[in-house]
Amino acid sequence: MVNATVAILTLNSSKTIFRCLNNLVQFDEIIILDGGSIDSTLKIAKRFNCKIINQKKVFKFSNKRIKNFSEARNFILEKAKHDLILMLDSDEVLYQSNLNKIDFLSKSKIMKKKYYCFLIPRVPNLKNSVYKETNLFPNFQPRLIYKSNVQKYIKNVHEKPIPINSRLKQLKLKDIYINFSVELSNIQIKKKFEYYSSIEKKMIHENFFTAMHFIFYGLLLLFKMYLKILLYKKSNKKMIIFEKKMIKTRIFYLYSLLIYKLKISKKFTRDD
């Protein structure tokens, strides 16, 4: 048994949650933080003895989708039984071969003194084939944390943990993988970015410089991603199609945020 907590955000996730949970049975605690599912999500979760917790209304839009991911993550910090927490999405799968490493981290006092979070590589799955290296993947995200070393999560979306002191560091773990599906239609990808955009627009009202930094840093990353597609030869044709599709959609997403920001700035200037 791995003495760590897995935390999963769900909302009508019945199509993917079984595969996600089936690779987590050796964890001592699995928390399902549910937004109000009306499909079989919770029925499946109960089969795996998950601890089911309802999301607070303050976390969500009227359509039940999360509007502040940091508040949801901070709520998980309060509810988790174990100090080591793995944050997963309901459509992701953890490689079972990674469990020994996670178990080691849950027990290591030395690692806990040095680090507050671990960056986990996410790798794409296309047509039941997993690609550990492509032009754009793996991408590393802060998914494994020691809650005792984390002050809180910040940002409504693209959230990140903040350490309790500056001495604590992050560490990339290359021998742990999270698998996610890239078999998304153009409409699904567009809806995903529109959802994130709706959250970002709310954040734009709150802090001008943070919003502009996010937009221009995002555009710089997209430029680097496009160069990788041109220069590297790690992806097959099907994966390149997805990579280009993702870049194109994200350009539109960031451009729409920039236009929205400029409109708000002009309005405030006229009002002054």
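In the hydrophobic clustering of this structure, Phe137 does not group with Leu227; members are Ile, Leu, Val, Met, Phe, Trp, Tyr whose side-chain heavy atoms approach within less than 4.5 Å, directly or through other members. Following chains of ILVMFWY side-chain contacts shorter than 4.5 Å, one cannot reach Leu119 starting from Val150, and the two form parts of different hydrophobic clusters. Residues Ile145 and Val157 share a single hydrophobic cluster, defined by chaining ILVMFWY side chains whose heavy atoms lie under 4.5 Å apart. No continuous path of ILVMFWY side-chain contacts below 4.5 Å connects Val93 to Val6, so the two sit in separate hydrophobic clusters.
Under the 3.5 Å distance criterion, with hydrogens and angles disregarded, no donor-acceptor pair is assigned to the side chains of Asp91 and Thr16. Side-chain contact check for Asn165 and Tyr116: no donor-acceptor pair (N or O, by modelled atom type) lies under 3.5 Å. In this model, no donor atom of one side chain and acceptor atom of the other lie less than 3.5 Å apart for Asn3 and Ser106.
With Lys112 contributing its side chain and Tyr146 its backbone, the two residues share no donor-acceptor pair below 3.5 Å. Side-chain atoms of Ser14 do not come within 3.5 Å of backbone N or O of Thr41 as any donor-acceptor pair. The backbone N or O of Ile17 sits nowhere less than 3.5 Å from a side-chain atom of Ser90 that would complete a donor-acceptor pair. The main-chain N or O of His82 is found under 3.5 Å from a side-chain atom of Thr5 such that the two form a donor-acceptor pair. Put simply, the side chain of Glu183 gets close to the backbone of Lys127: a donor and an acceptor are under 3.5 Å apart.
Judged by a 6.0 Å distance limit and a 45° cone about the ring axis, Arg65 is positioned over the six-membered ring of Tyr195. Stacking of Lys169 on the aromatic ring of Tyr115 is not recorded, the 6.0 Å distance cut-off and the 45° axial limit not both being met. By the 6.0 Å and 45° rule, Lys132 stacks over the aromatic ring of Tyr177. The side-chain tip of Lys245 does not point at the ring of Phe242 from less than 6.0 angstrom away and within 45° of straight on.
How far CG of Asp28 is from CG of Leu84: 12.0 Å, rounded to the nearest 0.5 Å. The CG atom of Leu9 sits 10.0 Å away from the CG atom of Leu88 when rounded to the nearest 0.5 Å. From Asn125, atom CG reaches atom CG of Asn179 across 4.5 Å, with rounding to the nearest 0.5 Å. Rounding to the nearest 0.5 angstrom, the gap separating the CD1 atom in Ile76 from the CD atom in Glu71 is 12.5 Å.
A salt bridge does not link Lys81 with Glu29: every distance from a Lys NZ or Arg NE/NH1/NH2 to an Asp or Glu carboxylate oxygen is 4.0 Å or more. Ion pair Lys107/Asp83 not flagged as a salt bridge, since none of the NZ, NE, NH1 or NH2 atoms sits closer than 4.0 Å to an Asp/Glu carboxylate oxygen. Checked for salt-bridge contact, Glu243 and Lys238 miss the test: no charged N lies under 4.0 Å from a carboxylate O.
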Worksheet item: Is there a salt bridge (charged side-chain N to carboxylate O under 4.0 Å, His left out) between Arg122 and Asp89 once you walk through the steps?
Response: CA-CA 11 Å; Arg122 296 173 73 250; Asp89 291 338; 5.1 Å; no
Fill in: From CA spacing to verdict: ring pair (Phe, Tyr, Trp, His ring centres under 6.0 Å), Phe140, Phe118
CA-CA 9 Å; Phe140 288 80; Phe118 303 97; over 10 Å; no
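Partner of Leu254 under the side-chain contact (heavy atoms from CB on, under 4.5 Å) criterion, out of Leu221, Thr249, Leu222: Leu222 alone.
The local environment of CD1 in Ile187 is sparse, with at most 12 non-hydrogen atoms from other residues, nucleotides or ligands closer than 6.0 Å. Residue Lys64 places its NZ atom among more than 12 non-hydrogen atoms of other residues, nucleotides or ligands, all under 6.0 Å distant.
The minimum heavy-atom distance linking Val58 with Lys67 is given by the pair O-CE, 3.1 Å. The two atoms that bring Ile164 and Gln151 nearest to each other are CG2-N, 3.6 Å, heavy atoms only. When all heavy atoms are compared, the tightest approach of Ile120 to Arg143 is CG1-CB, 3.9 Å.
The shortest side-chain heavy-atom distance between Ile8 and Leu33 does not fall under the 4.5 Å cut-off.
Less than 6.0 angstrom separates the ring centroid of His158 from the ring centroid of Tyr196. A distance of 6.0 Å or more separates the ring centres of Phe59 and Phe69.
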